[in-house]
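For clarity, every value in this text was computed on a predicted model and none was experimentally measured.
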Amino acid sequence: MYTILRSVIIYILFITLSVAAFASGADRILVETLSQLQELKNKVDAIQSGDRNSANRYKRQMKIFNSRLSSTRTRDVLEYREATDLFNEIQSILDAKASGQSLPATKPEILKPAKSISTTQHPDPKVEQAIKEIERLEGLVVQMPPGDKDKGHQYMRELNIIRPGIMGTQGKDHPRWKDVANRFNALKKKIVDTANAALAPAVDDQSQITAQSSVQGKPDAAPVEPVVEEVLQQITKYEIKLKELLPGDVSTANKYISELNELVPKLQSATDKSHPLWKDALRRYNAVHNGAIERSKQNPNTIPTEGLLSYELVKLKRIDRNAQSIQDNIKRTPSPEFRDPKKAQEFRDVLLSIDQQLLNFPKPDHPGVGMIAKRVNDMRKILDERLAEVQKEVSALGNLDQHIASIRERVKVNEAIRLKEDASAEEAKAYIGQALKREEQYANDLAYMEKVMASGYGPRDLGSMVHWIGVNRRQNMDSVNNARDHICGQVHSAVLQAKFLAESDPQNPDHRSNRFLGEGQYQKTVDEMNQGLAKADVVIAIQNAFQNQDGVNLANNQKKEILNAIEKYKKDFVMAQGLVRMPKPAEHDKSMIEAAKKTLADPRYDSINPILSMVINSPKRRKEIVETDVRGTVTGAEATSIHKVWDQFQVTTAEETGPDEYYLFHTMLKYFHKGGPNTPTGRWLISGRHKGVQILKENIDK
């Protein structure tokens, strides 16, 4: 019997594991299919419109994926929905590419938000990341020229990369998921509509960034803004990259264009759009931008392969790949390496080896051999031109090694320092002067580095040096601006306090207690206002160092306002002191007075000061309460009720707290008739006590 039962159990486990393995395998195939479809989507987006051969080739692959999706049994999972949507989208793009038509129209809803919204659920971090990516892409699509299908395909690829991240999130009933879904659908429609719109007019200097025609009151010799300098440095890099961009290299061109588009908001943020360097940045930006587009549309030379046997075709393609690789290496090799004669000789030796391979090719008269041979000769010319160019640029840079060494030493030291919190006006003036000198040195260093970068020559860590010069420069000015903003904020707070004190009324009991006569309140307020005066002097010194007369005038006015507030506050304080009196008695019961005196004189209360006067300022009241104390035990919880009954009243005393210093104290007294095991009963005790306002001695008995 036991043997039969064990056999049955083993059989059931076998069947369960087999089903699980089948389901797991099916899911794994579906995930793999989805990944392969995404790869195919990227390839389909990259083919040219009207390229029927490529479109038909990919359509044959689509039949395989169609068979997989049709045969799968796990159709209720997210991956199957994504795979079918992606399959249909690829099919539509292939049909459009094969016929040279516009981009396929988007569905009205690609991502469907949940019907109900939960306000308590937190958003998935993937949703926040998707929103950031969509915001970045929205900025690029706004600048997309109408009718530019190449960019349309590019942005659609980027959008489809974002889509799985959105669909794979948790909590699709959250408002943030609904927001990202709606923005995804709207952006996809925007891309398609713009790509299928009429072609944009020809590009000129005003087509992508609009320059300001004139700015009144701005001299032509005004210093260039830092943001323009930063954009010029970036454009210089892409001018060098554009020279090395191969014809027909759509992928690299799209990458450069996408990165260039990130410079547009920076250039537009400049305030002086009439500055010559701003206009130069505009012109050079558009030249590089349009140059990359034109270069990507050029057709690369294709080596003919007709009339070759299979092994000959393989060999010729290998030689062609080697030649293209050497050509890329010659163009991409940094200029400093060409100063070493060994580097140039290495290239010449490789080119000579390719010549030898062409001579040994079985069919040396084939047109493809001639094209590669011509390319090799062109590479020799390019190599000679680069060597001559390097020699010329190095000569124009002066003593490059000495300049670079000096800059490198300055880069190692971050000279940005903070202004001391308690700095005087003279210290602040000296601090600003030093910071401005550092700013001038950083500007000179960056100008020289820009010259070196424009020449294409420099040490390998040139980019790192430029980066850290920029970091040090930003930290230097950030330190200055933060110090100025911090001190201006302190003065502003002092002005707000001055306005607050100006509105204070010493005859208002609440104002007397909280603004004038609270313990230490007067000295604290005066000290804070005096600190505001000192900070105003520091601000005046800083604004003078920046030659900001408006800032100087503002700080002077703030200083006057603070001075007036201090003077008024001191007068109001004297008035507030003179108005303080003992409260009127609420009871005249002598027994209560005696009980209060006896309790306050109890040695157990050692914080009582000498008492000059006492009044009962609240009537005696009977209080009663029942408290329940619940305690856990081994066998359960036990609840104990405690019945408390007591009398209470409050007294106000005038006490001497120091030489010629008198304060009012308010003390609550209680007499418990019944209470818990730890409650003192049968005597008066102090339940609560707090210190009130200061009172003049002569007013205690008034």
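Side chain to side chain, Q497 and E528 meet the donor-acceptor criterion of an N or O pair below 3.5 Å. With hydrogens and angles left out, the side-chain atoms of Q531 and D527 include no donor and acceptor closer than 3.5 Å. Using a 3.5 Å distance cut-off with no hydrogens or angles, the side chains of N609 and T657 do not pair a donor with an acceptor. Looking only at atom types and distance, the side chain of Q650 has no donor-acceptor partner in the side chain of T667 under 3.5 Å away. Using modelled atom types and a 3.5 Å distance limit, the side chains of R473 and N476 yield no donor-acceptor pair. Using modelled atom types, one finds no donor on one side chain facing an acceptor on the other under 3.5 Å when comparing E440 with N444. Q521 and T525 share a donor-acceptor pair across their side chains, judged by distance under 3.5 Å alone.
Atom CD of E698 has more than 12 neighbouring heavy atoms from other residues, nucleotides or ligands inside a 6.0 Å radius. Around CG of D510, the count of heavy atoms belonging to other residues, nucleotides or ligands within 6.0 Å exceeds 12.
Taking the six-membered ring where the residue is Trp, the centroids of Y522 and F573 are separated by under 6.0 Å. Taking the six-membered ring for Trp and the full ring otherwise, W684 and F649 have centroids separated by under 6.0 Å.
Between F516 atom CZ and Q577 atom CD the span is 11.0 Å, to the nearest 0.5 Å. Note that the CE atom of M592 and the NZ atom of K597 stand 13.5 Å from one another [nearest 0.5 Å]. Atom CD in Q549 sits 11.5 Å away from atom CG in L554 (nearest 0.5 Å). One distance of note links CD1 of I162 with CG of L137; it measures 5.5 Å at 0.5 Å rounding. The CD1 atom of I432 sits 5.0 Å away from the CD1 atom of I542 when rounded to the nearest 0.5 Å. The NZ atom of K132 sits 13.5 Å away from the CD1 atom of I134 when rounded to the nearest 0.5 Å.
In plain terms, the two heavy atoms of L579 and P506 that are nearest each other are CD1-O, 3.7 Å. The two residues D272 and S274 make their nearest non-hydrogen contact at OD1-OG, 2.7 Å. When all heavy atoms of A536 and K559 are compared, the pair lying nearest together is CB-CB, 4.1 Å. Scanning all heavy atoms of the two residues, the minimum distance from V227 to S269 falls at CG2-OG, 3.8 Å. A pairwise comparison of heavy atoms in M614 and A596 identifies SD-CB, 3.7 Å as the closest pair. Heavy atoms only, all atoms of each residue included: Q694 and Y662 are closest at CG-O, 3.2 Å.
Taking the charged nitrogens against the carboxylate oxygens, E158 and K188 have no contact shorter than 4.0 Å, which rules out a salt bridge. Taking the charged nitrogens against the carboxylate oxygens, K568 and D572 do have a contact shorter than 4.0 Å, which makes a salt bridge. We find that K412 and E409 are joined by a salt bridge, their nearest charged nitrogen and carboxylate oxygen being less than 4.0 Å apart. Using a 4.0 Å cut-off between charged side-chain N and carboxylate O, E230 and K266 make a salt bridge. The pair D647-K670 does not meet the salt-bridge criterion, since no charged nitrogen lies less than 4.0 angstrom from a carboxylate oxygen. We find that E262 and R136 are not joined by a salt bridge, their nearest charged nitrogen and carboxylate oxygen being 4.0 Å or further apart. The existence of a salt bridge linking E627 and K644 is confirmed by a sub-4.0 Å separation between a basic side-chain nitrogen and an acidic carboxylate oxygen. In this structure, E567 pairs ionically with K571, as a charged nitrogen and a carboxylate oxygen lie closer than 4.0 Å. Between K697 and E656 there is no salt bridge, since none of the side-chain N atoms of the basic residue sits less than 4.0 Å from a carboxylate O of the acidic one. Using a 4.0 Å cut-off between charged nitrogen and carboxylate oxygen, R183 and E138 count as a salt-bridge pair.
A 4.5 Å side-chain heavy-atom check between D701 and S613 finds at least one atom pair inside the cut-off. Taking the side chain as every heavy atom from C-beta outward, R410 and I407 approach each other to under 4.5 Å. Proximity of P585 to I616: side-chain heavy atoms (C-beta onward) are nowhere separated by under 4.5 Å. A heavy-atom distance below 4.5 Å is not found between the side chains of K584 and V615.
Residue V580 is tested with L664, L696, N699 for a side chain to side chain contact (heavy atoms under 4.5 Å, CB included); the sole match is L664.
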Task: Stepwise side-chain hydrogen bond (donor to acceptor under 3.5 Å, both in side chains) test for H511 and S504 - done: CA-CA 6 Å; H511 289 191; S504 299; 4.8 Å; no
Quiz item: Run the salt bridge (Lys or Arg N to Asp or Glu O under 4.0 Å) check on E661 and K691 step by step: do they pass?
Solution: CA-CA 13 Å; E661 183 181 78; K691 192 175 185 179; 5.3 Å; no
| query | Could you walk me through whether Y671 and S687 pass the side-chain hydrogen bond (donor to acceptor under 3.5 Å, both in side chains) check? | reply | CA-CA 9 Å; Y671 186 98; S687 174; over 6 Å; no
Exercise. For E561 and N557, what are the C-alpha separation, side-chain angles and deciding distance, and is it a side-chain hydrogen bond (donor to acceptor under 3.5 Å, both in side chains)?
Worked result: CA-CA 6 Å; E561 191 169 357; N557 292 335; over 6 Å; no
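Using modelled atom types, no side-chain atom of R621 and backbone atom of S618 make a donor-acceptor pair closer than 3.5 Å.
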